[in-house]
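Have a look at the structure below, then the notes.
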Amino acid sequence: AENSPMNLVFFGDCIQHLSRIARILRQQRGNAMLVGVGGSGRRSMARLAAKMNNLKNFSIEITKSYREKEFHEDIRMLLRKSALDNEPQVFLFSDTQLVKESFLEDINNLLNSGEIPNLFPADEKIAICDEIGGRAREAKSGDNRDQIYAYFVQICRENLHITLAFSPVGDQFRNRCRQFPSIINCCTIDWYNPWPAEALYSVAQRQLSADEAKLGIAEHLDVLC
């Protein structure tokens, strides 16, 4: 959830990753590809970096019936908020949410051109142009419907930062990078290497310290860690 607390342990590598993601999100049209195994802190660092840059976090919620229709509804809502409400946002998406490979094709299009073909029905497209038309004319981006919609796409691209969290394990990652090149070409890649001993020690000490009274291990904490 947007405001749910995160119980984090900071160490050198963690702070470096946080700094990298924060710098990427601060750039105009900055998108990130975070490559590492599950549990390496990619999503936590992305959410924290978004907060540091005053960006709203958005992630889809997968249910048993979640398919293309529900995904497109979420993307339409995300783009409307980004452009019509002028809200800078981070769309955080991981490979565990790839119910259908078509999701990645849509994200590839968003990264490449800022829009998904035929995402908005004609009537909704007209409503968007009517709503944002005044801003487009003020920005001298044009007066006809195509120019106004192009302005809408431009604002979406400027306000939306896509952050992908993918695992390099197996052949799928390599195949997806070949099939959908924009997830590489339009993103800055941050590789997550195995945690150093310092990190493992810090996490173990935090976890055991929280339970030391219950387990009666206070005097043995340093030995255990």
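Note: hydrogens, waters and symmetry copies are ignored here, and every other heavy atom, side chains too, is used. Quick note: residue numbers are just sequence positions, from 1.
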Is any side-chain heavy atom of Phe91 closer than 4.5 Å to a side-chain heavy atom of Ile75? yes
Ignoring hydrogens, what is the shortest heavy-atom contact between Ile21 and Ala46? Give both atom names and the distance. CD1-N, 4.0 Å
May I have all residue pairs that pass ring pair (Phe, Tyr, Trp, His ring centres under 6.0 Å) and include part of residues 106-134, sequence neighbours excluded? Phe120-Phe152
Ring pair (Phe, Tyr, Trp, His ring centres under 6.0 Å) pairs, two or more places apart, involving residues 18-41: none
Non-hydrogen atoms of Gly38 and Arg42 that approach each other most closely: CA-NH2, 3.6 Å
Please output the side-chain donor-acceptor pairs of residues 108-118 that fall under 3.5 Å, not counting sequence neighbours, one pair per line with the distance.
unit_1 : atom_1 : unit_2 : atom_2 : d
Asn108 : OD1    : Ser182 : N      : 2.9
Asn109 : ND2    : Glu105 : O      : 3.3
Ser113 : OG     : Asn109 : O      : 3.0
Ser113 : OG     : Glu115 : O      : 3.3

Shortest non-hydrogen contact between Gly142 and Ile148, atoms and distance: O-CG1, 4.2 Å
Check this for me, if you would: do Asp143 and Arg137 make a salt bridge, where the nitrogen-to-carboxylate-oxygen distance has to be below 4.0 angstrom? yes
Going by distance alone, is a donor N or O of one side chain under 3.5 Å from an acceptor N or O of the other, for Asn53 and His161? no
Per side chain to side chain contact (heavy atoms under 4.5 Å, CB included), Arg43 is matched among Leu34, Asn57, Leu92, Thr96 by Leu92
Output, in order, the C-alpha distance, side-chain angles, deciding distance and verdict of side chain to side chain contact (heavy atoms under 4.5 Å, CB included) for Val35 and Asp190. CA-CA 6 Å; Val35 184; Asp190 184 18; over 6 Å; no
So, Gln147 versus Asn144: side-chain donor-acceptor pair below 3.5 Å or not? yes
Taking the side chain as every heavy atom from C-beta outward, state whether Ile60 and Gln97 have any atom pair closer than 4.5 Å. yes
Strictly by ring pair (Phe, Tyr, Trp, His ring centres under 6.0 Å), give each pair with a member in residues 163-189 just once, sequence neighbours left out. none
Can a cation-pi geometry be assigned to Lys125 and Tyr149, taking NZ or CZ under 6.0 Å from the six-membered ring centre and within 45° of the ring axis? yes
Is the distance from the ring center of His17 to that of Tyr192 below 6.0 Å? yes
Same cluster or not: are Val37 and Leu164 linked, directly or through other Ile, Leu, Val, Met, Phe, Trp or Tyr residues, by side-chain heavy atoms under 4.5 angstrom apart? no
Any side-chain heavy atom of Tyr151 sitting closer than 4.5 Å to one from Ile132? yes
What I want to find out is whether Lys81 reaches Glu87 closely enough, with some N-O distance under 4.0 Å, to be called a salt bridge. no
For Asp74 and Tyr66, does a side-chain donor sit closer than 3.5 Å to a side-chain acceptor? yes
Does the side chain of Thr163 come within less than 4.5 Å of Leu25's, by heavy atoms? yes
May I ask you to test the Glu73-Arg76 pair for a side-chain heavy-atom distance under 4.5 Å? yes
Does Lys51 reach the side chain of Arg47, with side-chain heavy atoms less than 4.5 Å apart? no
Taking all non-hydrogen atoms of both residues, which atom of Leu84 and which atom of Glu131 are closest, and how far apart? CD1-OE1, 3.6 Å
Heavy-atom closest contact (Asn31 atom, Ile24 atom, distance): O-CG2, 3.4 Å
Using the side-chain hydrogen bond (donor to acceptor under 3.5 Å, both in side chains) criterion, which residues pair with Ser19? Sequence neighbours excluded. none
So, do Phe71 and Asp106 sit near enough that their side-chain heavy atoms are less than 4.5 Å apart? yes
For Arg135, what residues pass the side-chain hydrogen bond (donor to acceptor under 3.5 Å, both in side chains) criterion, not counting sequence neighbours? none
Provide the closest heavy-atom pair for Ala22 versus Ala49 in the form atom of the first, atom of the second, distance. N-CB, 3.8 Å
